[in-house]
Amino acid sequence: MFKKRKQELKIPNHIAIILDGNGRWAKKRGMPRTYGHQKGVENIRKIAIAASDYGIKALSVYAFSTENWKRPKSEVDYLMKLPGEFEKKFKDDFKKYDIKVMFSGRKTHLSQENLDILERITKNTKDREGLILNICFDYGSKSEIIQAVKEIAQEVKSQKLSIDDITSEEIDKRLYTKDLPELDLLIRPSGEIRLSNFLLWQAAYAELYFCKTYWPAFSKKSLEKALVEYTKRNRRFGGIKS
Ligand code: IPE
Ligand code: IPE
Ligand code: MG
C-alpha cells in the first residue's frame, strides 16, 4: 500500500519543517514543556527515517532559533542538552539508514561542548549518501543573510568582487544551505501561520504547508498528508500554467 501511494506522489527534493508546538503538546498532557522538547527530539528520528523512505534528498529542521535564547534560562539550559541526547540516541539508526547530518546556525553562542558534539556528528556522517538531515540550531535567517552580505561587502572592499558581480548565486553560495537542493516544501505544524525567521531567502518559491498537529504528534501520516497536498500544487515560478 505504501509503495502504491508513494508512486502517486510527487516527491520534493528538499523539505523543511519548523519543529513547533512542543510546549503546548506537553501542557495538554499536564507535563512540563521540557517533556515536549524531549518527545520533539525523538520525533526528528521518526520523521527523518520516513523522509528517507520517501526518497526525499534533504530535510531541514528548525530546532532552535536565534530568538529562542529569550526563553527562561531553565528551558534554554534543557534545550542545550538536546544535541548530546541526539548523538547518543540516534547514532545507530542513522547509520542504518545512511543519513548524513549537518548543522546550520551561528557558532558564536553555543558552548564548546555543544560545538564539539555538532562537529563530531558532522564528521562521522559526512560520507553518507542517503538523506541529508540539516539541523538548524541557533539558526536565524536574518543572521544568515547578514553574514553573507558582510562577506560580500568585504570582498567588494578588497576588490575580489565587483558590485555588478553580486547576483542571487553569489548570495546562495554563502548560505548554510549552499550544498542542498532548492527548497521545495516548507511545513509548519502547531497551527501558527508564520515563518519565524526560518529560511526566508530559500523559501522564495517553496510551497508552504501549515497544519494544526503539534510537532511531537506529527507522524509519518502527517508527512504523507503534506506530500499529497504538495502533489496537487501547481508550481509556476512566475511563469504560466503548463
Ligand atoms: C518548538 O516548540 C521548540 C522550540 C522552539 C525550541 P515550542 O517550545 O515553541 O512549543 P510551543 O510553540 O510553545 O507549544
Ligand atoms: C520557531 O518556533 C522556532 C523553532 C521551532 C525552533 P517559535 O515557537 O520560537 O516561534 P514563535 O515565537 O511562535 O514565532
Ligand atoms: Mg513555539
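This chain uses plain numbering: 1 for the first residue, then up along the sequence. Hydrogens, waters and symmetry mates are skipped; everything else that's a heavy atom, side chains included, is used. Just so you know, ligand 1 is whichever comes first in the structure, and atom 1 is the first atom listed for that ligand.
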Asks: Would you say that S60 contacts L183 through its side chain, given a criterion of any heavy-atom pair below 4.5 Å between the two side chains?
Replies: no
Asks: Any heavy-atom pair between the side chains of I121 and F94 that's under 4.5 Å?
Replies: no
Asks: Less than 3.5 Å apart, N/O on ligand 1 and N/O on the protein: could you list those pairs with the distances?
Replies:
unit_1   : atom_1 : unit_2 : atom_2 : d
ligand 1 : 2 (O)  : G21    : N      : 3.4
ligand 1 : 2 (O)  : N22    : N      : 3.2
ligand 1 : 8 (O)  : R33    : NH2    : 2.8
ligand 1 : 8 (O)  : R71    : NH1    : 2.7
ligand 1 : 9 (O)  : D20    : OD1    : 2.9
ligand 1 : 9 (O)  : R71    : NH2    : 2.9
ligand 1 : 10 (O) : N22    : N      : 3.2
ligand 1 : 10 (O) : G23    : N      : 2.9
ligand 1 : 12 (O) : D20    : OD1    : 2.8
ligand 1 : 12 (O) : R24    : NE     : 3.4
ligand 1 : 12 (O) : R24    : NH2    : 2.8
ligand 1 : 13 (O) : R33    : NH1    : 3.0
ligand 1 : 13 (O) : R33    : NH2    : 3.1
ligand 1 : 14 (O) : G23    : N      : 3.3
ligand 1 : 14 (O) : R24    : N      : 2.7
ligand 1 : 14 (O) : R24    : NE     : 2.8

Asks: Consider only side-chain N and O atoms of S74 and D77, and report whether a donor and an acceptor are under 3.5 Å apart.
Replies: no
Asks: Taking it one step at a time, do K173 and E169 satisfy salt bridge (Lys or Arg N to Asp or Glu O under 4.0 Å)?
Replies: CA-CA 6 Å; K173 70 186 196 199; E169 290 73 27; over 6 Å; no
Asks: Would you check if the side chain of N114 reaches a backbone N or O of P83 as a donor-acceptor pair within less than 3.5 Å?
Replies: no
Asks: Could you enumerate the protein N, O or S atoms under 2.8 Å from the Mg ion (ligand 3), written like residue then atom name?
Replies: D20 OD1
Asks: Are F90 and Y97 an aromatic pair by the rule of ring centers under 6.0 Å?
Replies: no
Asks: Kindly state each residue pair satisfying salt bridge (charged side-chain N to carboxylate O under 4.0 Å, His left out) with at least one member in residues 31-49, sequence neighbours excluded.
Replies: R33-E75, K39-E42, E42-K89, R45-D93
Asks: Can you list every pair that meets salt bridge (charged side-chain N to carboxylate O under 4.0 Å, His left out) and has a residue in residues 107-124, with sequence neighbours left out?
Replies: E87-R120
Asks: Any atoms of ligand 2 less than 4.0 Å from a non-hydrogen atom of R194? List them with their elements.
Replies: 11 (P), 13 (O), 14 (O)
Asks: Would you confirm whether S65, through its side chain, and G140, through its main-chain N or O, come within 3.5 Å as a donor-acceptor pair?
Replies: no
Asks: For the pair E192 and R24, find out whether any cationic side-chain nitrogen is under 4.0 Å from an anionic carboxylate oxygen.
Replies: yes
